[in-house]
Amino acid sequence: MTTGMRITTHRLVLSIIVAFAGIAWSLSPARAQMQPVATSTAESAPIPASQIPKEVTEAINSPDRPAADKALDAGRRPDQIMAFYEIKPGMKIADIFAGGGYMTELYSRIVGPTGTVYSQNGPFPEQFKKIEDAWNERLKEPALTNVVKVSKPFDAPDLLPVPPDSLDAVIIHLNYHDMVGFKLNRDNVNAAVFKALKPGGIYGIVDHSAKPGAGDTQTTTLHRIDEDFLIKDIEKAGFRLHGASSALRHPEDDRTWNVFKHRGETDRFMLKFVKAPAVARGASGSGAGQ
């Protein structure tokens, strides 16, 4: 072999080694941490005001809605939530971990007299007695006669008092992190939701974003949860992520804020899940990118 051939061969081998080293480095944990974190699914843009369904706008603007609820609307953007999850008249919906019932009331007004809303809360610790009282008082309102009160612990075998495959949507608004942080039986909750939803039914979750990789470590401190941690938690119950919205994003939030000190200002993710078989068939009305 001539000297020139040896040099050419040496360079070729060296190039291959460098190429493989580059691939290995790009896949290493150190390199992965340096890369920007990819979103779990492409987020659709906020829905234009002109495309918000009339029944949603009318429910939000109802003159007899509590003033305290209306004061929260600017930060919570219920018009985006209701439109993204396709809440419509006649639907059967469950509001899991309903708290004081802010969302329950809006669902009730939108689904109307032909629909039903199951408003669920578990036992209230003494320090949350005021929330329990507010929930009970709200459900006495004449406008909420289509609401079924569900006072059951999260590990109840009959958590949702409905036949299998009968609900159109189940939503948990800003409280999934509490189920994790309080070590409630969320596996039972997710199984109950899966059983109760119709094929193609929507399981919607809105929550405060923790920094990527935080997992469940900030659920009781900052009251946030890692989006990817939550997605894995839901998907292991048989659901598949089928859409996301950027409508509640706040890039100015560095995800270190305590949510109670920045109400309505935190970065929040809004995710839409459906039963896996429905995704395989192409779930009607629940696609991403709406």
Inset, instruction - Verify the cluster assignment for I110 and I60: are they in a single hydrophobic cluster under the rule of side-chain heavy atoms below 4.5 Å apart? - result: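 Yes, it is one cluster - the side chains of I110 and I60 are joined through contacts under 4.5 Å.
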Inset, instruction - Examine V259 and F128 and state if one hydrophobic cluster contains both, with Ile, Leu, Val, Met, Phe, Trp and Tyr joined whenever side-chain heavy atoms are less than 4.5 Å apart. - result: no
Taking [X] for its side chain and [Y] for its backbone only, find out whether a donor-acceptor pair lies under 3.5 Å.
X    : Y    : result
N185 : F154 : no
Y85  : I205 : yes
N258 : L222 : no
D155 : N188 : no
E55  : P89  : no
D168 : G201 : no
Q218 : I225 : no
K152 : N121 : no

Kindly indicate whether the side chain of [X], heavy atoms from C-beta on, has any atom under 4.5 Å from the side chain of [Y].
X    : Y    : value
L159 : V189 : yes
I87  : V111 : yes
I47  : I52  : yes
M270 : I81  : yes
V148 : V117 : no
D79  : T57  : no
D267 : W257 : no
I172 : M179 : yes

Does either side chain, that of [X] or that of [Y], offer a donor lying less than 3.5 Å from an acceptor on the other one?
X    : Y    : result
T116 : N146 : no
N136 : K149 : yes
S119 : R138 : no

Got a second to check how far [X]'s [atom1] is from [Y]'s [atom2], nearest 0.5 Å?
X    : Y    : atom1 : atom2 : value
T145 : L139 : OG1   : CG    : 11.5 Å
D165 : L197 : CG    : CG    : 8.5 Å
R268 : S209 : CZ    : OG    : 9.0 Å
L144 : T104 : CG    : OG1   : 7.5 Å
H262 : D253 : NE2   : CG    : 8.0 Å
Y118 : K92  : OH    : NZ    : 7.0 Å

Would you name the heavy atoms of [X] and [Y] that are closest together and state the gap between them?
X    : Y    : answer
P63  : K70  : CA-NZ, 3.8 Å
P46  : A247 : CG-CA, 3.7 Å
A45  : S246 : CA-OG, 3.7 Å
S62  : A59  : OG-O, 3.0 Å
S245 : E43  : O-OE2, 3.7 Å

Inset, instruction - Is it possible for you to check whether R240 lies under 6.0 Å from the centre of the six-membered ring of F273, through NZ or CZ, and within 45° of that ring's axis? - result: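 Here R240 fails the 6.0 Å and 45° test against F273.
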Legend entry - Cation-pi, F84 ring and K272 (6.0 angstrom, 45 degrees):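 Satisfied, under 6.0 Å and within 45°.
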Inset, instruction - Would you please classify the geometry between the F194 ring and the F239 ring as parallel, tilted or perpendicular, with 30° and 60° separating the classes? - result: perpendicular
Inset, instruction - Using the six-membered ring wherever Trp is involved, compare the ring planes of F124 and W135 and label them parallel, tilted or perpendicular (cut-offs 30° and 60°). - result: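 Ring orientation, 0 to 90° scale: tilted.
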Legend entry - Reference residue H177; test side-chain hydrogen bond (donor to acceptor under 3.5 Å, both in side chains); the match among T219, D207, T220: D207
Are the charged groups of [X] and [Y] less than 4.0 angstrom apart, N to O?
X    : Y    : value
K232 : E235 : no
D226 : K211 : no
D216 : R186 : no
D73  : R65  : yes
R109 : E58  : no

Legend entry - Evaluation steps, side chain to side chain contact (heavy atoms under 4.5 Å, CB included), between V206 and Y176: CA-CA 8 Å; V206 178; Y176 197 91; over 6 Å; no
Inset, instruction - Going by the side chain to side chain contact (heavy atoms under 4.5 Å, CB included) test, name the single residue among H223, R224, E252 that passes it with T266. - result: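 Result: among H223, R224, E252, R224 is the only option passing the side chain to side chain contact (heavy atoms under 4.5 Å, CB included) with T266.
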Inset, instruction - Could you go through the salt bridge (charged side-chain N to carboxylate O under 4.0 Å, His left out) check for E227 and R249 one step at a time? - result: CA-CA 13 Å; E227 182 176 350; R249 291 297 187 186; 3.0 Å; yes
Inset, instruction - Could you walk me through whether L248 and F269 pass the side chain to side chain contact (heavy atoms under 4.5 Å, CB included) test, one step at a time? - result: CA-CA 7 Å; L248 304 180; F269 54 82; over 6 Å; no
Legend entry - Step-by-step side chain to side chain contact (heavy atoms under 4.5 Å, CB included) determination, L160 to V150: CA-CA 8 Å; L160 291 172; V150 181; 5.6 Å; no
Inset, instruction - Given side chain to side chain contact (heavy atoms under 4.5 Å, CB included), test R76 with H173 step by step and report yes or no. - result: CA-CA 10 Å; R76 292 190 173 182; H173 180 253; 3.9 Å; yes
